[in-house]
Protein chains: 2
Amino acid sequence: MADLVYRKIMRDLKERIFNQEFNDKKLPDERSLSESYGVSRSSIKRALNVMAQQGIIFKKRGSGTFINPLYLKNQSLFNYEGTNLGVTDSFHLDGKRPGIKLIDYQVIPASKELQQDLFLEPDDFVYKIKRLRLLDDEPIIIETGYIPIKIMPGLTPSVVKGSIFNYLSEIEGKSVTKSFMSILAEPSNQQDQELLGLSDKEPVGIMEGIFFLDDGTPLEVSNMRVHYKYLKYNTFVSLDEE
Amino acid sequence: MADLVYRKIMRDLKERIFNQEFNDKKLPDERSLSESYGVSRSSIKRALNVMAQQGIIFKKRGSGTFINPLYLKNQSLFNYEGTNLGVTDSFHLDGKRPGIKLIDYQVIPASKELQQDLFLEPDDFVYKIKRLRLLDDEPIIIETGYIPIKIMPGLTPSVVKGSIFNYLSEIEGKSVTKSFMSILAEPSNQQDQELLGLSDKEPVGIMEGIFFLDDGTPLEVSNMRVHYKYLKYNTFVSLDEE
DNA sequence: TTTGAAAATTGATACGGTCCAATTTTAATC
DNA sequence: GATTAAAATTGGACCGTATCAATTTTCAAA
């Protein structure tokens, strides 16, 4: 994973940028980079494309490649890194201790909507798993997930008390690297208030969507009701389509 | 813009997918596509990569390329299209009539934070523009923006009553295609409640961040307090880095 | 000094090739 | 039949080239 040419270039360039090596905010041109790194221009282009997509640099034809001034100042914003997409990975908040409390666990027939979203047959069953996510014993997320039985036959309550995605990758060698999510907000309902310790004037953030396995199999439909103070979704958007 | 090879391939493939031409949910292999379209495999790869990044297809080495079942069902979710990033473009809600009410307009010295975010000198000035966005006369967003004077010397109140981004692209030929945004939620404050017609139990969604010009110049620091019923941010996330 | 055309620079698109790695298919063996 | 090994399939990485398009630089003419 780490020995790809274009990734090595990226790592090195990021470091050089961070070390202020390019004090005019401009990178060398692609042909020079190609020569100095001793790799093809295609690989340079690939590295620069990814970095541009992440918002670290801007490219302008005829002019050159420029460093995003914000990258130097606020590098942390540009690190969407992580090995997985699950909550256990996403909220790596400053060494706080994550916890899970199992609220509900049952096996139910898949509803029409779940059949569609998870690509199931009418007689398929799913786990319904409702959990409370904690950070240093403080509740922050009410998470309700639906997972097809036939994909994870071994999903026992004891497994569910830990990270399902980690279990998947460690035990079954499958990884969850893609998701389609919607983010929105709502007033908190009574259950939110009880479980998350909110007043009736405090809202919840909602992240709902579908997690996919590597090969595109829909794994889980998830609905997360997040304590509003812990919801902060950062994103760099580019309309360039590549 | 529309005559690029890889885009033509993308358009055609999307249409063929939508027409159920690949009823086994599997696309032809790259080499066949290359031959049948009469283009190089590289171009096929490029088209497929972009489509994979958009979540339309999944690729699996050794196995093939597969259609995301959700694409057929819910195609609208996969259209992040648009020519600009501004609010005027983002919320194209079903032919509703957008409107703008100017609340505040002044020229002020750039604060420390603005100096950093917009890359300004200590003696630079910015416009502070506060506007209420309407949809069919219903208020949905309180938008506060800061734009450097030196970038848009001609930003008069009359311009500000319309779309600033459209003005930029039509009059000055510059386009805003990149942004760095954070999305979060908060209880509504009194002003939110008055301007957006919310009760004290209803929250606002907040989208704040920086808009960039094509060449990487930071154009605007923006803070949008959105009526919670209108905040819905859809996104496909992939950890594959390309 | 200013203007404007030509030249140089620089990223973008596209081609086509080599080799590799994961997976599936096929065939052989027990 | 089941198991295993070999072969074929299929996407991934990387290289090097040719041509184009936007921008900047150079330099001669006015």
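Computed from a predicted model, the values in this text were never measured in an experiment. Letters go in sequence order (proteins before strands), and every chain restarts at 1. Only heavy atoms go into these numbers, but all of them, side chains included; no hydrogens, no water, no symmetry mates.
Phosphate proximity of D/dT10 to B/Lys60: absent, as no side-chain N or O sits under 4.0 Å from OP1 or OP2. Between A/Thr65 and C/dG11, a side-chain N or O to OP1/OP2 separation shorter than 4.0 Å is present.
A salt bridge is defined here as a Lys NZ or Arg NE, NH1 or NH2 lying under 4.0 Å from an Asp or Glu carboxylate O, and A/Asp124 with A/Lys150 meets this definition.
Near DNA chain D, defined here as any heavy-atom distance below 4.0 Å, the residues from residues 38-45 of chain A are A/Val39, A/Ser40, A/Ser42, A/Ser43, listed numerically.
A/Asn223 and A/Thr144 are not linked by any side-chain donor-acceptor pair at a separation below 3.5 angstrom, with hydrogens and angles left out of the test. Side-chain atoms of A/Thr177 and A/Ser175 include no donor-acceptor pair closer than 3.5 Å. In the model, A/Asn49 has no side-chain atom that pairs as donor or acceptor with a side-chain atom of A/Tyr6 under 3.5 Å.
For the pair A/Ile9 CD1 and D/dC15 C1', the interatomic distance rounds to 13 Å; values are reported in whole Å. One interatomic measurement links the two molecules: CZ of B/Phe66 to P of D/dT10, which rounds to 10 Å at whole-angstrom precision. In this structure, B/Asp214 atom CG and C/dA12 atom C1' are separated by 14 Å, rounded to whole Å. Atom-to-atom, CG of B/Leu4 to C1' of D/dA21 comes out at 12 Å; the value is rounded to the nearest Å. The nearest whole Å value for the distance from the CZ atom in B/Arg61 to the C1' atom in D/dT9 is 13 Å. Between the P atom of D/dA21 and the NZ atom of A/Lys59 lies a distance of 18 Å, rounded to the nearest Å. Atom pair A/Asn49:CG and C/dA12:P shows a separation of 7 Å (rounding to whole Å applied). Atom NZ in A/Lys26 sits about 6 Å away from atom P in C/dT10, given to the nearest Å.
Both A/Val5 and B/Glu30 lie close to DNA chain D; mapped to their nearest nucleotides by heavy-atom distance, the more 5′-ward contact belongs to B/Glu30. Taking the nucleotide of DNA chain C with the nearest heavy atom to each of B/Arg31 and A/Arg31, the more 5' of the two is matched to A/Arg31.
Residues B/Met51 and B/Ile17 form a side-chain contact, since some pair of their non-hydrogen atoms from C-beta on lies under 4.5 Å apart. Looking only at side-chain heavy atoms (C-beta outward), A/Leu48 and A/Glu30 come within less than 4.5 Å of each other.
Ring centers of A/Phe165 and A/Phe211: under 6.0 Å apart, within the cut-off.
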